[in-house]
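These values consider heavy atoms only, across backbone and side chains, with no hydrogens, waters or symmetry-generated copies.
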Amino acid sequence: MAIDIPRPVLKGKKALVVGIANEHSIAYGCAAAFHELGADVAITYLNEKAKPHVAPLAKSLDAPIFMPLDVSTPGELEAVFERIGREWGRLDIAVHSIAWAPKEDLQGGLLDCSAEGFAKAIDISCHSFIRMAKLAAPLMTDGGTLFAMSYHGAQKVVANYNVMGPVKAALEAACRYLAYELGPKNIRVHPISPGPLKTRAASGLKDFDLMLNEAVARAPVGELVDIMDVGFACAYLATPYARRITGGTMYVDGGVHIMA
Ligand SMILES: NC(=O)c1ccc[n+]([C@@H]2O[C@H](COP(=O)([O-])OP(=O)(O)OC[C@H]3O[C@@H](n4cnc5c(N)ncnc54)[C@H](O)[C@@H]3O)[C@@H](O)[C@H]2O)c1
């Protein structure tokens with residue numbers, strides 16, 4: 001059946017992108033791809049310290065909505081969606097590209113992870129996506145797409161990924177259950193699994209440079225991915241070309257995950 005799609009393919013779409021810290025952030029690749037393909041993007045920044053690093057990027061993307069958001073601060077997520085509802089009246093795309101765990105819990109093995117550290121990691125890196133989906137759904141009156149950033153450490157053991165392995169496994173499972181619950185509303189949910197990228201969050205992992213070297217050595221395409229690879233994969237999934245795809249983990253890793 002022919003699909004009626006505007007040009008550019010995301011023309012007039014309204015997208016919320018959470019998780020830009022700087023120009024290396026995966027979230028920035030998503031926002032830049034959506035913007036290039038015609039969408040309006042709402043951007044958030046973590047706090048006043050982060051704001052000067054994100055503001056020029058929001059400006060370059062002509063973001064009409066630019067707001068603070070720490071998902072662990074009560075009321076801030078609600079305020080973002082309240083503003084989107086007031087200003088746009090609807091939402092088509094939402095990206096969750098945030099993760100956090102206390103350093104000592106992240107850098108130690110899973111056996112030594114504290115209960116508090118585990119709870120914080122899962123709240124910020126996983127449950128906040130569920131809260132986001134709950135607030136986004138009523139605004140996705142014409143259907144929509146939700147994205148969450150995972151990693152292969154959710155499915156297989158990756159040395160030094162530690163507590164983030166089980167946390168990302170929970171995130172991918174949450175995506176599947178949300179895809180099931182939101183499917184009838186024509187809202188699709190996509191866990192995205194990028195290969196390793198040199199970002200601020202990645203620098204918190206022990207021996208991250210070894211992960212990068214190994215990814216290049218093992219990838220069938222022989223190269224590392226960049227943030228625009230991730231952004232354009234999400235952009236495709238946000239178009240009606242992908243209207244029957246939901247819930248499954250999409251790897252953007254040059255094929256590393258297929259290797260033994
Ligand atoms: N870099 C990689 O190799 C890689 C690979 C696969 C998946 N990921 C995932 O991609 C996502 C984005 O990370 P990135 O690599 O772009 O790093 P990044 O440091 O650029 O982005 C992480 C973001 O999380 C935000 N954040 C942390 N705590 C928050 C909170 N309480 N409230 C709101 N925002 C908060 C930070 O402000 C930052 O913008 C993460 O989920 C990460 O696990 C990264």
Side-chain angles (χ1 to χ4, degrees), residues 10 15 17-37 41 43 46 50 53-54 56-57 60-61 93 95-101 103 106-107 121 125-126 129 145 147-169 171-172 175 190-239 242 245 248-260:
L10 295 179
V17 179
V18 175
I20 301 182
N22 54 42
E23 72 275 25
H24 306 296
S25 296
I26 292 173
Y28 179 56
C30 296
F34 298 158
H35 177 67
E36 184 171 324
L37 294 172
V41 288
I43 304 289
L46 181 62
H53 303 280
V54 190
L57 305 174
S60 73
L61 299 170
I93 300 166
V95 175
H96 178 285
S97 186
I98 69 183
W100 189 83
K103 196 168 177 186
L106 179 63
Q107 299 205 336
S125 317
C126 177
F129 177 62
T145 34
F147 296 96
M149 292 304 153
S150 185
Y151 177 59
H152 194 40
Q155 307 262 350
K156 299 281 180 192
V157 175
V158 175
N160 295 317
Y161 204 53
N162 304 335
V163 62
M164 288 315 290
V167 167
K168 292 297 191 190
L171 181 66
E172 291 190 16
C175 286
H190 299 285
I192 306 294
S193 189
L197 281 142
K198 225 174 161 69
T199 62
R200 259 253 314 274
S203 68
L205 296 170
K206 232 165 81 187
D207 291 335
F208 181 71
D209 282 343
L210 295 182
M211 272 166 84
L212 284 175
N213 295 343
E214 203 186 322
V216 190
R218 283 159 47 86
V221 304
E223 285 177 332
L224 288 174
V225 297
D226 65 38
I227 60 169
M228 294 312 294
D229 296 325
V230 183
F232 283 118
C234 294
Y236 153 68
L237 289 169
T239 70
I245 302 173
T249 299
M250 156 79 91
Y251 286 88
V252 187
D253 68 344
V256 171
H257 73 285
I258 66 167
M259 303 303 291

- [ ] Could you grab the distance from atom CD of E214 to atom CG of D207, nearest 0.5 Å is fine?
- [x] 11.0 Å
- [ ] Give the minimum heavy-atom separation between C175 and P191, together with the two atoms involved.
- [x] CB-CG, 3.6 Å
Open item on the list: Show every side-chain hydrogen bond (donor to acceptor under 3.5 Å, both in side chains) that has at least one partner inside residues 215-234, sequence neighbours left out.
Closed with: none
Task: pair V252-V230: side-chain heavy atoms closer than 4.5 Å - done: yes
TODO: Identify the heavy atoms of Y161 and G153 that sit nearest to each other, and give their distance.
DONE: CD2-CA, 3.8 Å
Task: G19 versus I98, closest heavy-atom pair with distance - done: CA-CG2, 3.6 Å
TODO: Flag the pair L237 / I192 as yes when at least one side-chain heavy-atom distance between them is below 4.5 Å, and no otherwise.
DONE: yes
Open item on the list: Using only atom types and a distance under 3.5 Å, with no angle test, would you say the side chain of S193 pairs donor to acceptor with the backbone of H152?
Closed with: yes
Task: Heavy-atom check, side chain of Q155 versus side chain of T249, under 4.5 Å - done: yes
Task: side chain to side chain contact (heavy atoms under 4.5 Å, CB included) against L224, all qualifying residues, sequence neighbours excluded - done: L212, A215, V216
Task: Test side chain to side chain contact (heavy atoms under 4.5 Å, CB included) applied to A202 - qualifying residues, sequence neighbours left out - done: T199, F208
Open item on the list: Rounded to the nearest 0.5 Å, what separates atom CD1 in I245 from atom OG1 in T145?
Closed with: 11.5 Å
Task: Non-neighbouring partners of P56 that pass side chain to side chain contact (heavy atoms under 4.5 Å, CB included), sequence neighbours left out - done: none
- [ ] List for me each residue that meets side chain to side chain contact (heavy atoms under 4.5 Å, CB included) alongside L46, sequence neighbours excluded, and say none if there are none.
- [x] A50, D70
- [ ] Please identify each residue that fulfils side chain to side chain donor-acceptor pair (under 3.5 Å) with S125, with sequence neighbours left out.
- [x] none
Open item on the list: Does any part of the side chain of K206, heavy atoms only, come nearer than 4.5 Å to the side chain of N162, both counted from C-beta?
Closed with: no
Task: Close side-chain approach of P220 to M259, heavy-atom, < 4.5 Å - done: yes
TODO: For Y28, enumerate each residue passing the ring-ring contact (aromatic ring centres under 6.0 Å, His included) test, keeping only those at least two apart in sequence or located in another chain.
DONE: none
Task: Distance, nearest 0.5 Å, that separates CD1 of I227 from CZ of F232 - done: 10.5 Å
Task: Spacing of SG belonging to C30 relative to NE2 belonging to H35, to within rounding of 0.5 Å - done: 14.5 Å
Task: side chain to side chain donor-acceptor pair (under 3.5 Å) against D209, all qualifying residues, sequence neighbours excluded - done: K198
Task: Heavy-atom side-chain contact between L61 and V17 under 4.5 Å - done: no
Task: Side chains of I43 and L57 in contact at under 4.5 Å (non-hydrogen atoms) - done: no
- [ ] Identify the two heavy atoms, one from K168 and one from A99, that lie closest to each other, and give their separation to 0.1 Å.
- [x] NZ-CB, 3.8 Å
- [ ] Quick one: list whatever passes ring-ring contact (aromatic ring centres under 6.0 Å, His included) with H257, sequence neighbours left out.
- [x] Y251
Open item on the list: For V41 versus A31, what's the shortest heavy-atom pair and its separation?
Closed with: CG1-O, 3.9 Å
Task: Pairwise distance NE2(H24) to NE2(H53) - rounded to 0.5 angstrom - done: 11.5 Å
Open item on the list: Test of understanding: with ring-ring contact (aromatic ring centres under 6.0 Å, His included), list the residues that count as partners of F34, not counting sequence neighbours.
Closed with: none
Open item on the list: Are the side chains of M149 and C234 in contact, using a 4.5 Å heavy-atom criterion?
Closed with: yes
Open item on the list: Tell me the closest heavy-atom pair linking L106 and G204, and the distance in Å.
Closed with: CD2-O, 3.5 Å
Open item on the list: So, taking the atom named OH in Y151 and the one named CG in L197, what distance separates them when rounded to the nearest 0.5 Å?
Closed with: 10.0 Å
